[in-house]
Amino acid sequence: MAQIIDYNKIKEASAKHPKLKEINYTYGTAGFRMKAEYLESVIFRVGILAGLRSKKLNSKVIGIMVTASHNPEADNGVKLVDPNGEMLEQRWEGYATQLANAQSEEDLITVIKSIVSQNEIDESKNAIVVYARDTRPSGPKLIAALEDGIKAINAVGENLGIKTTPQLHYFTNYLNCCEKPAEGRYEELADKLYYEKFANAFYKAVGDNQRLSTVYIDAANGVGAPKLRELTEWINKINDNIFKVTIINDDINARGKLNFQCGADYVKTGQNPPLGLNLACEHRAASLDGDADRIVFYYVEEDGTFRLLDGDKIAALSAGFIIELVKTAGLDINVGVVQTAYANGSSTAYLEEELKVPVSCVPTGVKHLHHKAQEYDVGVYFEANGHGTILFSSEARTAEQEKAVKKLQALSELINQTVGDALSDLLFVESILMNRQWSFQKWNSIYTDMPNRLVKVVVSNRHIFKTTNAERTLVEPKGLQEKIDKLVAQYKNGRSFVRPSGTEDVVRVYAEASTREDCDELAFKVAGLVYDEAGGTGGRPSEFL
Ligand code: 16G
Ligand code: ZN
């Protein structure tokens, strides 16, 4: 029987994890994320918030993931997951920020009480929370603080140990719709159920198509390495001739290696292969990020040119295959694709003009994409950085049993619909390529990326930047957008936008144009303009024009 909230107990426990005075925390696009040493008080309070959220939702299970994804090893972070496996409801992000910033124990209690009263939370409800972490060295200490928070609010906490972010999302959703395991069996079951589901779905989706060559996977020296290894063992148990991977950058124990010159973000940003991978021209390769929710694919041409198959290419490949199945089966199902401003212009043109699929553009961050994708029967969403998934409405899932429908169903089971998942995306892409018997070269040739460049500008206050039109137009600082437009107009197929980062203290400039030279010139001119007119600081980089 749950007790009502014991505020004295919370006060005492909180005193062991005092808030650092100088820091102002914000629950942003990626939850709380910063240097690990600043996070102890925050994580303790996230434990409390998760307890409150579970009580509010009638004892539904809430998930908590401790990770800083693709960030350097010294960082860490924490994110809450709602019962259906989706990101925390937006209004509660504000509560998270308020709790994190309460300076004293008294302030903390005041904030908790106001959340309870605003949401009419029944304090006597049970609360249940599951939590996991990635492989960062700071993880265990932060998990201990989290457990103190969970205990302080008398919630039941189940530790899932080391998991990928998508595994935590998937299992949170599972626990809220299926039978809960016995106490003490959560950690093991979270792996087993996940492997079993995706291995079986992969087997179904590939049918009797011929297997393709080995995929070399750069696991960023993170949690993706052991998890992918176990997942492939499960696949091999069913049929050891359908999927071959070689995992590199799988050292999760050595300090300093996580995401260091490897991983999806490094490869996407630098358009270079990661450290430790010697790519020959026939090799197929992919990189995960530190918590295995992003994936990008790549290969090198005979002349050594590096070719990236990013989130936009994954979206195009998936949408093309799904549309074909839908047509073959004669289904009345609407398929749509959701992108952000970062999507390569050529990908949008390919989707709209060749595949004739509706494309919408939303602000950066998974919650925006996920939400929009739910409007379609089949909603494909991928950020260019390799984070994404596909949502199949139940209508699409229960259509009649024809061959194409069966394949569509198999695909719907193969993708982790709670959140973008590098491992499930890998199997999904591989199954389409096997069905089509396509090489990476063939896949790449569906459209040609426009040259593009991303530049960071350090400014004294990024919060003065306000955008509209899915982040493609600046509203403030006033007058800046007009000046950007003038620059853009000087370049063939020019496109550029400026937005404040949600995860770093910088402003990002993106530019595209017909040629590499034009694109770079446009990007550095816009960056220079932003630096000069909107409080650039820390020295004007020499490449800015
Ligand atoms: C976070 C987002 C990711 C987005 C990135 C943008 C989630 C789970 N993750 O990592 O989707 O692409 O932030 O970062 O929403 P930025 O605002 O610094 O450019
Ligand atoms: Zn990630």
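Each ligand, and each atom within it, is numbered from 1 in the order the structure gives.
- The protein heavy atom nearest to atom 17 (O) of ligand 1 is G502 N, 2.6 Å.
- With respect to atom 6 (C) of ligand 1, the closest heavy atom belonging to the protein is T364 CG2, 3.6 Å.
- Proximity of a side-chain donor or acceptor of D82 to a complementary backbone N or O of G85 within less than 3.5 Å is not detected.
- In R294, the part holding a heavy atom less than 4.0 Å from any atom of ligand 1 is the side chain.
- The closest protein non-hydrogen atom to atom 15 (O) of ligand 1 is V366 N, 3.0 Å.
- Around the Zn ion (ligand 2), the protein contributes the following N, O or S atoms under 2.8 Å, ordered by chain and number: S69 OG, D289 OD2, D291 OD1, D293 OD1.
- Side-chain atoms of S54 do not come within 3.5 Å of backbone N or O of A50 as any donor-acceptor pair.
- Looking from atom 13 (O) of ligand 1 to the surrounding protein, the closest heavy atom is T503 CG2, 3.5 Å.
- The aromatic ring centres of H370 and Y381 sit less than 6.0 Å apart.
- Checked against a 6.0 Å centroid threshold, the rings of F198 and Y194 count as neighbours.
- For atom 11 (O) of ligand 1, the nearest protein heavy atom (residue, atom name, distance) is E383 OE1, 2.4 Å.
- Taking the centre of each ring, Y266 and F260 stay at or above the 6.0 Å mark.
- The existence of a salt bridge linking D250 and R229 is confirmed by a sub-4.0 Å separation between a basic side-chain nitrogen and an acidic carboxylate oxygen.
- The main-chain N or O of A36 is never found under 3.5 Å from a side-chain atom of N76 such that the two would form a donor-acceptor pair.
- Using a 4.0 Å cut-off between heavy atoms, N385 contacts ligand 1 through its side chain alone, with no backbone atom that close.
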